[in-house]
Every structure is written in structure tokens, then in C-alpha cells.
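Here's the structure we're looking at; comments come further down.
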There are 2 protein chains.
Amino acid sequence: MSIPSLLSQDARAGRCGDCPIRHRAVCSQCEADELAILDQMKTYRTFTAGETIIWAGDPVARLGTVVKGCATLLRTMEDGRRQMVGLLFPSDFIGRPGRETTPYDVVAATEVTLCQFERQSFEDLLANTPSLERRLLQMTLDELDAAREWMLLLGRKSAREKIASFLTILARRDAVLRKSAPGPDMSFDMIISREALADYLGLTIETTSRQITALKNDGVIRLATKRIIELPDFERLAAEAGEDAA
Amino acid sequence: MSIPSLLSQDARAGRCGDCPIRHRAVCSQCEADELAILDQMKTYRTFTAGETIIWAGDPVARLGTVVKGCATLLRTMEDGRRQMVGLLFPSDFIGRPGRETTPYDVVAATEVTLCQFERQSFEDLLANTPSLERRLLQMTLDELDAAREWMLLLGRKSAREKIASFLTILARRDAVLRKSAPGPDMSFDMIISREALADYLGLTIETTSRQITALKNDGVIRLATKRIIELPDFERLAAEAGEDAA
DNA sequence: GGCCTGCATTGATCTGGATCAAGTTGCAGG
DNA sequence: CCTGCAACTTGATCCAGATCAATGCAGGCC
């Protein structure tokens with residue numbers, strides 16, 4: 001899936017100062033001395049695509065940050081109905097300080113590399129490190145905003161709007177990573193399978209597939225491959241998403 | 001709606017030490033000296049049912065805690081579609097430190113009394129008061145859990161399950177307030193209108209009403225008045241909610 | 001008491017998305 | 001190159017919940 005030569009870097013797990021997500025992760029507001037402590041505590045670990053990182057209800061031994069790849073938070077009902085309740089990208093934090101367990105599975109969508117800390121040690125550090133705690137609060141508030149935005153999508157948007165909204169988010173995210181605004185003729189990987197997408201949007205695979213086809217036929221998107229989306233006109237897509245004029 | 005004689009207490013806004021939600025709000029982990037500062041800073045304010053406390057997008061001048069009543073967080077689309085994204089009860093916190101605006105309206109569902117702080121002062125205090133920050137992080141994590149639970153409801157549950165889930169939550173909450181377990185033959189007020197309920201559950205008023213009637217006809221609930229629910233068998237309701245055997 | 005006015009219920013009909021059921025496509029492994 | 005499987009697409013049908021349209025019903029007010 002991803003470039004094999006990068007894999008070997010995981011084991012090495014360079015100094016925190018060189019970390020690509022240094023300026024966005026929980027540790028982004030740490031001073032040099034605090035960072036040195038984290039540097040000592042951290043372990044890198046890679047999970048293969050599809051692997052479950054944390055099982056719902058199991059005791060959580062390690063917290064950490066996504067360094068590479070994409071992880072999903074998945075809530076499952078007894079009868080098998082599933083709803084994705086979060087999508088984590090590099091710099092996002094996994095695990096909730098102060099809680100023994102998680103109410104949802106954390107699953108690697110692609111191959112995922114985590115920068116992990118032993119839970120107890122991290123919580124101890126957190127209690128004495130305001131810069132960490134402050135950043136974690138901000139990140140949690142961001143996640144809460146995202147979750148609430150998603151509630152609107154799940155409760156009130158049509159299938160077509162749901163797909164368009166998801167693609168809009170991916171396009172924005174991709175543009176940010178490339179340090180550009182989302183413009184015309186951009187293209188990006190949509191990362192997750194149709195099944196995962198359906199789980200995220202509260203739809204079935206079939207409806208998901210049909211709506212993607214419909215958006216393609218209407219010229220809103222093009223499919224370079226089944227996973228790579230080309231976007232002739234970002235604004236058109238954003239309009240399809242039923243967004244407030246932002 | 002609520003007992004008029006209590007109203008006059010709002011103006012008085014007793015000492016923090018006497019506060020009924022002292023042990024659950026943001027300030028619950030504060031020491032006496034920290035509490036004394038908050039005591040100085042706080043203002044009580046009452047909003048009538050239906051009144052908007054904060055408008056989406058407007059600059060937020062004050063943060064605070066719900067002392068009495070029930071407030072809703074409401075996201076509205078351009079074309080008028082609405083989704084409630086949060087329901088706040090006494091001890092819940094309103095406002096997000098570090099953010100100028102809120103992406104949703106905060107509306108009083110019943111008459112609401114708030115214990116408010118001027119935003120800038122509160123943020124300054126927060127930066128120097130780990131006990132406040134820690135508690136706020138925990139509360140935010142709780143809200144995030146609740147939001148994710150709601151995502152499952154919105155994305156995957158049937159109308160009947162949605163109603164049953166909501167009533168289950170209310171029943172649990174009510175039992176906690178009475179310091180008892182949710183048992184047989186309890187009864188409680190369902191607080192919000194059919195319209196607000198529909199907005200919360202991602203349904204229409206009509207479907208909401210029909211499903212409540214259906215649950216009544218099936219003997220799962222009884223209606224003392226249109227708003228007061230009697231519950232012959234809590235477990236039966238919980239089963240209808242499609243909950244994991246907890 | 002009668003009469004608004006705003007909530008809530010109930011009924012008839014319509015429809016978006018689910019469900020059931022085949023096909024495709026595309027890639028890994030022999 | 002074939003073969004087998006997993007991911008995806010497409011088609012036909014069904015149904016839960018939306019929509020449109022009355023009708024009930026209780027509290028406030030003249």
C-alpha cells in the first residue's frame with residue numbers, strides 16, 4: 001500500500017524535534033524539556049490495514065498519536081449495524097486520559113504508524129504539564145465540533161449531500177497538507193473503502209456506490225481510479241454538500 | 001412553567017459553597033481559594049423558554065454553567081433543516097474557551113438559569129488553574145462520548161429505537177438525580193416539545209408523535225400528560241432502544 | 001363561556017434509500 | 001494466462017419515514 005522504504009523508519013522513530021507532525025500533535029506546545037521527556041517515553045508501532053488497534057471495552061494500555069495513515073473509530077451494535085464515529089489522520093490523538101476503556105473499536109483503515117505512550121506514565125505527565133493538557137483540551141474541542149458537524153450530516157443530509165460533504169472535507173484536508181487552497185482541477189485519494197465510507201455516512205454500500213456514480217455522471221467529480229477523485233470544480237462540490245456559504 | 005418562587009433566588013445567586021451543582025460543574029475540583037475567585041467573577045442570568053442564549057457565529061462574550069433548566073445546541077442549514085447537536089442540563093458547561101464564536105445556536109428549551117463568567121477573565125483564570133482545566137477536559141471528553149453515541153443513533157437506529165433511546169437517557173438521568181436506580185413504575189418529565197425532540201432525533205414531528213403513540217399502545221410507556229412519561233418497565237424500554245446489554 | 005393560538009395527533013400518499021440479487025472489475029497467487 | 005476472491009457496480013423491488021393535509025385539544029384572554 002504505502003511506500004515500503006518508509007516502513008523501516010518506524011523502527012528508528014527519530015527525535016521528536018524532527019517529527020513531521022511536531023507542530024500539530026498533542027506535544028505541539030511543549031517546551032524543549034517537556035519534549036525530551038516525551039522523547040524518552042515514546043514507542044513507535046505500526047498496524048496493518050484492517051487491524052484493530054483497540055477493542056471496544058478492553059482495558060487501554062497505551063495512548064498515542066497517529067503519525068502516518070488513517071484510523072477509524074467504530075461503534076457496533078449487537079445485531080451488526082455499524083457506525084463510524086470518528087476518522088483520525090496524522091497528528092490526531094488516540095485514547096482518552098482518565099478512562100480505562102473506550103466505547104468503540106479503533107481500527108486501522110490504512111497501514112497506520114502510532115507514536116505511543118504507556119497510559120499511566122502519560123497521565124502522570126499530563127497532570128504536571130499544563131502545555132500538554134491545554135493542547136489536549138483544544139484538540140478535544142475540535143473533535144467535538146467535528147462530531148457535531150457530523151451529527152447534522154447524519155440526521156439531516158441526503159445521501160448525495162453526505163457523499164459530497166465527505167469529499168469536500170477530504171479535499172480541504174488535502175489542500176491544507178499541500179499548503180494551498182482547494183482550487184480547480186485538484187485530485188486526491190479517498191483513502192477508505194466503500195464499506196468504510198458507508199459506515200461513516202450512515203448509508204449502505206449500494207447507496208454509496210450509486211451516489212458516487214451519480215456525482216460522476218453529473219460531472220461534479222471524475223474517477224481516475226475507484227479511489228482517486230479528480231475535482232474539476234471544488235465550489236460545485238461544496239454546493240452539492242449543502243454547506244452554508246462559508 | 002417552573003416554580004415562580006425559585007426565580008427570585010437567581011438574583012441572589014448564593015455563595016458557591018451552597019451551589020446545588022457544586023460537585024458536578026467545571027468548578028467541582030477547585031480549592032477554596034480558587035472558588036473564592038470564581039465567586040467574585042460570577043453573574044447569574046435567567047433566560048425564558050425559547051430565548052436564544054448565543055447566536056451561531058456571533059462573538060461570545062460570556063461562558064458559563066447551566067444551573068437550572070435545559071438548553072439545546074442547534075445547527076441550522078440555509079434551507080431551514082435543523083439538527084440538535086447537544087442537550088445541556090444543570091452542571092453542563094456552555095461555551096468553548098479559546099474560541100471567539102460558536103458554530104451553533106444555544107437556545108433555552110425551558111427557562112434556564114446560567115452562572116456566567118466574562119470570557120476573557122475566565123480564560124485567564126483557566127490558564128493558571130489546572131484544577132479547572134482538568135475538569136473541563138474531562139467534561140469535554142464526556143460530551144464527545146455522548147456526541148459519538150448520538151452519531152450511532154442518528155446513523156443507524158430506527159425511529160422507534162431513537163425515541164426509546166432518548167427516553168432511556170432521560171429515565172437514567174432522572175434516576176441519578178433522585179439518587180436511585182432506574183426501576184419499575186418510575187415517571188419523569190420529558191422536558192422538550194415534540195418539535196425539539198424531532199430536531200434531536202433527526203426525525204419529523206409526525207414520525208416522532210406516531211412512534212410515541214405506538215410505544216404507548218404497545219404498553220412500553222404510559223402518558224400521564226403529553227409530556228409526563230410513566231414507565232412500567234425500564235428494562236423493556238432499554239431493550240426497545242437497541243442497546244448493548246450493558 | 002367562547003374563541004384564538006400553538007402544540008399534538010391522525011390519516012393518506014409518496015419517495016429516498018434499504019434490501020435482495022446478479023453482474024463487473026481488478027488484482028494476487030498459482 | 002487463468003482462477004479465485006474481494007471490492008465495487010448495477011438492477012429490481014420494497015418499505016420506513018417524509019410529506020401533505022386535516023383534525024383534536026388545552027390553556028390564555030377578552
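Here is the naming used below: chain letters follow the sequence lines, and residue numbers restart at 1 for every chain.
One interatomic measurement links the two molecules: CD1 of B:I205 to P of C:dG6, which rounds to 14 Å at whole-angstrom precision. Rounding to whole angstrom units, CG of residue A:D199 and P of C:dA18 are separated by 12 Å. Remark: P of D:dG17 and NZ of B:K157 are 13 Å apart, rounded to the nearest angstrom. Taking atom CD1 on B:I228 and atom P on D:dA26, their separation rounds to 15 Å, with Å as the unit. Put simply, CZ on A:R156 is 17 Å from P on C:dG16, counting in whole angstrom units. Here C:dT9 presents its C1' atom at 15 Å from CG of B:L215, a figure rounded to the nearest Å. Atoms NZ (B:K216) and P (C:dT9) sit 7 Å apart, rounded to a whole Å. If you take CD1 of A:I163 and P of D:dT9, they are 10 Å apart, rounded to a whole angstrom.
Side-chain atoms of B:E195 stay outside donor-acceptor range of the base of C:dC7, with no qualifying N/O pair under 3.5 Å. A donor-acceptor contact under 3.5 Å is formed by the side chain of B:R210 with the base of C:dG11. One cannot find a donor-acceptor pair under 3.5 Å joining the base of D:dT10 and the side-chain atoms of A:R194.
Nearest-nucleotide assignment on DNA chain D puts the 5′-proximal partner with A:T213, out of B:Q211 and A:T213. Of the residues near DNA chain C, A:E206 and A:R160, the one whose nearest nucleotide (by heavy atom distance) lies more toward the 5' end is A:R160. Each of A:G202 and A:K226 has a nearest nucleotide on DNA chain C; the 5'-most of these lies closest to A:G202.
The closest donor-acceptor contact from the side chain of B:S209 to the backbone of B:I205 lies at 3.5 Å or more, if one exists at all.
Residue A:I212 is classed as having no contact, given no heavy-atom separation below 4.0 Å to the nucleic acid. Backbone-only contact: A:R227 has heavy atoms under 4.0 Å from sugar-phosphate atoms and none from a base. Residue-level contact check: B:S193 touches the backbone only, with heavy atoms under 4.0 Å from sugar-phosphate atoms and none from bases.
Partner of A:V220 under the side chain to side chain contact (heavy atoms under 4.5 Å, CB included) criterion, chosen from A:L231, A:L215, A:I212: A:L215. Just one residue in the list A:K157, A:R236, A:R172 forms a salt bridge (Lys or Arg N to Asp or Glu O under 4.0 Å) with A:E243, and that residue is A:R172.
The shortest distance between the side-chain N/O atoms of A:T204 and the OP1/OP2 oxygens of C:dA18 is below 4.0 Å. Taking 4.0 angstrom as the limit, B:S209 places a side-chain polar atom (N or O) nearer than this to OP1 or OP2 of C:dT9. Contact check, A:T207 against C:dA18: a side-chain N or O comes under 4.0 Å of OP1 or OP2.
If you take CG on A:L114 and CD1 on A:I94, they are separated by 4.5 Å, rounding to the nearest 0.5 Å. For the atom pair CZ of A:F93 and CG of A:L63, the computed distance is 4.5 Å after rounding to the nearest 0.5 Å.
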